[in-house]
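Take a look at the structure below.
Per chain, numbering begins at 1; letters A, B, ... match sequence-line order.
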Amino acid sequence: MIRARCEVLSNRRTGRYHSLTLVAPEIAEDAKPGQFIEVGVPEGRDILLRRPFSIHQASRRGGWAGTLEIVFDALGPGTAWLAEARSHDVLDVVGPLGRPFNDPGDLSTCLLVGGGYGAAPLYFLAEELRAKDKAVHMIVGARTAERVFKPLEGKRLASSLVFTTDDGTMGELGRVTDALPSVIKRTGAQVVYACGPNPMLRAVGEYCRDLEIPCQVAVEELMACGLGICWTCVVPFIALDGRGWWNVRACVEGPVLNAARIWWDRWLGASADDQTPPEGFTAAPEPQLAKPWPR
Amino acid sequence: MIRARCEVLSNRRTGRYHSLTLVAPEIAEDAKPGQFIEVGVPEGRDILLRRPFSIHQASRRGGWAGTLEIVFDALGPGTAWLAEARSHDVLDVVGPLGRPFNDPGDLSTCLLVGGGYGAAPLYFLAEELRAKDKAVHMIVGARTAERVFKPLEGKRLASSLVFTTDDGTMGELGRVTDALPSVIKRTGAQVVYACGPNPMLRAVGEYCRDLEIPCQVAVEELMACGLGICWTCVVPFIALDGRGWWNVRACVEGPVLNAARIWWDRWLGASADDQTPPEGFTAAPEPQLAKPWPR
Amino acid sequence: MMTEARLDVDLNGVRFPNPVLAASGCFGSGREMAGVIDLAGLGGIVTKSVTWAPTRGLSTPRMAETPSGMLNAIGLQNPGVEEFRAKDGPFIESLGVPVVVSVAGTSVEEYSQVTLRVRDLPGVVAIEANISCPNVERRNQVFACHADQAAEVIGAMTRLTTVPVFAKLTADVTNIVGVAQACVRAGAHGLSLINTLLGMAIDVETFRPRLGAVTGGLSGPAIRPVAVRCVYQVAQALPETPIIGIGGVTRAEDAVELMVAGAWAVQVGTANFFNPGAVAEVAAGIGEFLTRKGLAGPTDLRGKVQLRRNVPEPAHRRG
Amino acid sequence: MMTEARLDVDLNGVRFPNPVLAASGCFGSGREMAGVIDLAGLGGIVTKSVTWAPTRGLSTPRMAETPSGMLNAIGLQNPGVEEFRAKDGPFIESLGVPVVVSVAGTSVEEYSQVTLRVRDLPGVVAIEANISCPNVERRNQVFACHADQAAEVIGAMTRLTTVPVFAKLTADVTNIVGVAQACVRAGAHGLSLINTLLGMAIDVETFRPRLGAVTGGLSGPAIRPVAVRCVYQVAQALPETPIIGIGGVTRAEDAVELMVAGAWAVQVGTANFFNPGAVAEVAAGIGEFLTRKGLAGPTDLRGKVQLRRNVPEPAHRRG
Ligand SMILES: Cc1cc2nc3c(=O)[nH]c(=O)nc-3n(C[C@H](O)[C@H](O)[C@H](O)COP(=O)(O)OP(=O)(O)OC[C@H]3O[C@@H](n4cnc5c(N)ncnc54)[C@H](O)[C@@H]3O)c2cc1C
Ligand SMILES: Cc1cc2nc3c(=O)[nH]c(=O)nc-3n(C[C@H](O)[C@H](O)[C@H](O)COP(=O)(O)OP(=O)(O)OC[C@H]3O[C@@H](n4cnc5c(N)ncnc54)[C@H](O)[C@@H]3O)c2cc1C
Ligand SMILES: Cc1cc2nc3c(=O)[nH]c(=O)nc-3n(C[C@H](O)[C@H](O)[C@H](O)COP(=O)(O)O)c2cc1C
Ligand SMILES: Cc1cc2nc3c(=O)[nH]c(=O)nc-3n(C[C@H](O)[C@H](O)[C@H](O)COP(=O)(O)O)c2cc1C
Ligand code: FES
Ligand code: FES
């Protein structure tokens, strides 16, 4: 992990999103798909905390030319401010942070499922997987066409690619999870990587778990530090033996986690205040634990 | 009083100071020497309150061309931010505020004493006095030459002008108060107007009071609102009959006040916590109250 | 077509055209602002606290800025209740905006005497008992620090007048709910929550306190989370008692936050200083907010905080 | 030539190489940061509070940003004192930076038991009794809310160990000086002031509390004026007792402010989150400040607030 003052190379719109490229050779050198950076908001503003963003691309051009690209949606004060960054502005960046997606090991057919800006880190992953001669298939979904992130980039990288939009303005009408069963069947996917809104990750994760396909998801939870020192970013995570659970930090134990071990109901659902896991939760070890995800 | 969004026409350095010109026709139309404006810092910053600045020039060019000029020293977060303002930026301005310097009425020989950026509003006053065919003499002092505000402007406006600097880098070595006695004697000043650091105003005011020369000073006190609603900006002020005192608001009853009626010791001095005026304070009406300042 | 929301509120009989009032000490009596802004958009005005005798207040510096907030130590400067009646009385009567007179004092007797002199002023719809100003000579003059002392003042005031009395409380206590309950039992019609937090700042160059009075009251957005918490706690305990939420309101969303926590109305203090139009703008913004949400009026916000988790997720989690 | 100031401090026997420590819950045990920054510049580390049993903490969302501050509701997540001993014990021993172990619990018994398990850890120079965390199930578990309960916990802990105990107090009380005095009488070696203020925030779109636990603790620059005031009040009452000032320190000037108010040392919490190097930078900045002022060390700051007005005016008033 490095803290660096990074010059903005460019800040462009990409559909609904902003795509920010930073001169960050040291961070780019280390960055792996699924990791993120934390960008500081300037001093003197009434927001204090850094903003986390997944790494979309890390160009390791050697020397001082290495760049990092992040993609973001201008939702609130931090991202609105970032959307105003101009070339040559200097940002305070910490990264790369968190655990990346794991290498699939012997498994050769990979399915990458992205929702909204969650597709951004998957293109980075796709590059890495292709470099290892893996078969890469993708599903990229969003609410509407202008939120489908860099469709051409997806087409370039994936052997097969399905788009979905909630409003049917691009690709299939519906959600990525509607397309998931047929794509898994068609491609014979042996491993699934997903990034996107948490409920999407949950749906993908639960489907894969039922099929006993290993599935890694890059989660999002509010983060105060990104460094593992504040314990704000936790996700309820089931023990390896399926007995009991613990709150793991998305910023250091994650953001990439084994989907099958996340206790989704407690995290996102109605039972969040319930300290006792539901019936059968601790009794049966998770199906996919028979094929532990290589880590 | 008007609240307006004002475009920055220019923002230049003037010696140690910054000189900011705003397109502010409505405020300029009303502005009188000694009044001030309050400039908003932008939303989202951790400082909330506006910053007060004396009006240096108001050009009433008619229609939408009217401009306002303020001069400031970049001392803290607000002025540092303002120093970065560029042409075409838009500032949130309230003004003109406060009571201006009074018309000297029948008195015809005026002495204007400025310290540091305090000279800025006096040039505006000098223009007005000259337009009324008054004799205008000036003393302009500062710590050092680069803090002597617009010396050429002073020379253009005043019939006689003495500079003083604490370090002797320009004009006479010393303070404006060192030059005051001889200038008053030489010019036969009948009325004194002063603006500058409060201790300077005190020294000028007390000297004039002893000579029974009416003296108006434009004071500075911390201001939260500038509108008369918060009561932060008060100055202890002696009743007209010399009996008792009250805290008046520098933003509405001032910033221009009759120097002879300010209870300087309580305001700036060691007796600030003392609620009882010193011996003789309430007994004797102030000398210059015999010639009440035309207001 | 969306119907526009109605903004008027009824605090168990005390009515305001909209739920946003100017806070005490942050708007004068309105007279100072009459030439500056259009007062018609205001829900009401709470006057600067008035005491029995003319009060000169504390030495300057009287304010210090702090991150997203400010400290003040005015010390209740005011001309005393007689001059208040003479100068502000006619103005209040002619104003057409409901006025709440804030009453302060250093003894039960003083609160009583001032109450007697303001209860009959035309245009006054309520009295706010400022028993929580931190800028008093001795901490034991902050009656809202102790339930029994607070109740004594409120009891004395409510016995003297039929004008509804709101008790203004401080968050600088171990148990604000206990103080609130005591005030209500003593006859308070409602509660104003919160006054400034006791704070201090020091100039590191001179080592002098940045306030002439050494300590002062912290206000502004910085304290909003404390105000929301206090309103929530008291509203949970006293759901029938009108609460006016105060603390760090600068935008309509801030007011909505306090109302969802349990406030029936809100007051805007510090924001007036940097935005003279704040009160009316917040009120108008609440109207737009309600209309956008399809809500009929402020009562659809009051205390509507969703404590169960099974309500819709925020948009970013829906994808 | 100016001589460089010395930074080491002695809190009546508890020594730190400089007066700036990492605050509890805002730096882990230091282990997480060892790979990120050079720990050598730290005055000390206060560990995340440790409880008897492993504690999972509260539901997310666990934080919400507020103006110049943040709310947190972590709920003391920690692996319990046994795993703390096993995992953090060796790290602390090898660290070379003084460590203060923060101890939390829900009963006097639990504080005692944890104290017994941490008092012998090598490298531990003091224990901080976190009796003021607002993120507990019931408010009556905040022992620092009441002088007698605070004293009971501190008394039990100090009877069990010769390791100096600092009582960490909350500002959410009517009389912090009373609680401080009770702790000192019960044997507290020093006081850590302050913990977070109880606060709350609500999402106005969903009407849900922005924290899973509904209320949480407010920290950051927003609360600094309250921390300065608490340190000042307690220091005036207990000039011989070491005080560690906490609350909103992000820069050296903030630390100086707390020390001038009466703190013997300071802790940096929230600032670590956005500036991982904050603790060491604040310490270095204090050094530069002292040198610039021609002061010899931190004791030249401690409690040096100038209450008399006859000290030099700030530069802008001199002209
Ligand atoms: C590991 C990680 C990777 C991320 N990667 C990206 C990315 O590549 N592109 C991108 O646009 N955003 C990403 N996010 C989310 C991003 O951090 C937030 O959108 C951003 O912090 C919002 O800041 P703001 O000040 O603009 O808005 P805020 O006002 O802080 O928030 C605006 C909205 O965003 C939500 N939000 C805020 N922080 C988070 C968060 N950490 N996670 C999820 N939702 C949040 C808020 O609840 C609110 O609804 C990521 C978050 C995490 C934790
Ligand atoms: C009526 C009036 C007219 C003024 N006119 C001018 C002017 O023409 N040019 C100019 O440069 N400044 C003027 N000032 C002072 C100016 O308002 C302050 O310098 C400014 O507010 C400082 O803001 P800051 O955020 O940069 O610094 P801060 O950090 O707020 O303050 C920096 C320094 O300035 C001092 N200061 C802050 N506010 C005031 C104030 N209101 N009065 C005196 N000192 C203050 C502080 O004590 C501190 O020493 C005027 C002040 C008043 C009240
Ligand atoms: C300068 C100033 C003066 C104040 N004077 C009074 C007062 O006279 N009486 C009172 O009850 N509250 C007074 N207050 C407190 C406010 O009414 C309000 O409770 C507090 O500032 C919090 O609200 P805010 O954050 O919107 O300012 C004053 C506040 C400020 C900032
Ligand atoms: C995320 C977070 C976790 C905290 N956890 C603890 C804790 O475990 N024990 C404790 O005594 N204080 C805890 N605190 C309080 C801090 O130690 C400190 O007292 C407070 O945050 C004020 O300081 P600051 O403004 O520098 O953050 C925590 C604060 C934060 C922000
Ligand atoms: S964000 Fe602080 S521990 Fe994860
Ligand atoms: S600055 Fe508010 S009354 Fe003068």
Which one wins on heavy-atom pair count under 4.5 Å against chain C: Ala171(D), Ala201(D), Gly69(D), Ala64(D)?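 Heavy-atom pair counts peak at Ala201(D).
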
Between chain C and each of Ser68(D), Gly216(D), Ala222(D), count heavy-atom pairs under 4.5 Å; write down the option with the most.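 Greatest number of close heavy-atom pairs with chain C: Ser68(D).
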
Neighbour count above 12 (heavy atom, 6.0 Å) for Glu253(C) CD: yes

Proximity breakdown for Val204(D) and chain C, heavy-atom pairs closer than 4.5 Å: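 For Val204(D), the contact with chain C is made by backbone and side chain together.
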
If you look at every heavy atom in [X] and [Y], which pair is closest and at what distance?
{"X": "Arg292(C)", "Y": "Glu205(D)", "value": "NH2-OE2, 2.8 Å"}
{"X": "His146(C)", "Y": "Thr174(D)", "value": "CE1-CG2, 3.8 Å"}
{"X": "Met200(C)", "Y": "Val228(D)", "value": "O-CB, 3.5 Å"}
{"X": "Phe207(D)", "Y": "Asp300(C)", "value": "CE2-O, 4.1 Å"}

pair Asp172(D)-Arg229(C): side-chain heavy atoms closer than 4.5 Å: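 Asp172(D) vs Arg229(C): side chains touch.
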
Between Gly220(C), Pro209(C), Ala227(C), Gly199(C), who has the most heavy-atom pairs with chain D when the cutoff is under 4.5 Å? Gly199(C)

How long is the straight-line distance from CD1 of Ile202(D) back to CG of Leu258(C), given to the nearest 0.5 Å?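 If I round to the nearest 0.5 Å, the distance is 8.0 Å.
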
Side chain / backbone / both / neither for Val305(C) at chain D, heavy atoms under 4.5 Å: both

Please test Tyr232(D) against Val214(C) for side chain to side chain contact (heavy atoms under 4.5 Å, CB included), starting from the C-alpha separation and ending with a verdict. CA-CA 10 Å; Tyr232(D) 169 76; Val214(C) 182; 3.8 Å; yes

Criterion side chain to side chain contact (heavy atoms under 4.5 Å, CB included) against Pro225(C), the qualifying member of Leu218(D), Leu197(D), Thr215(D), Leu211(D): Leu218(D)

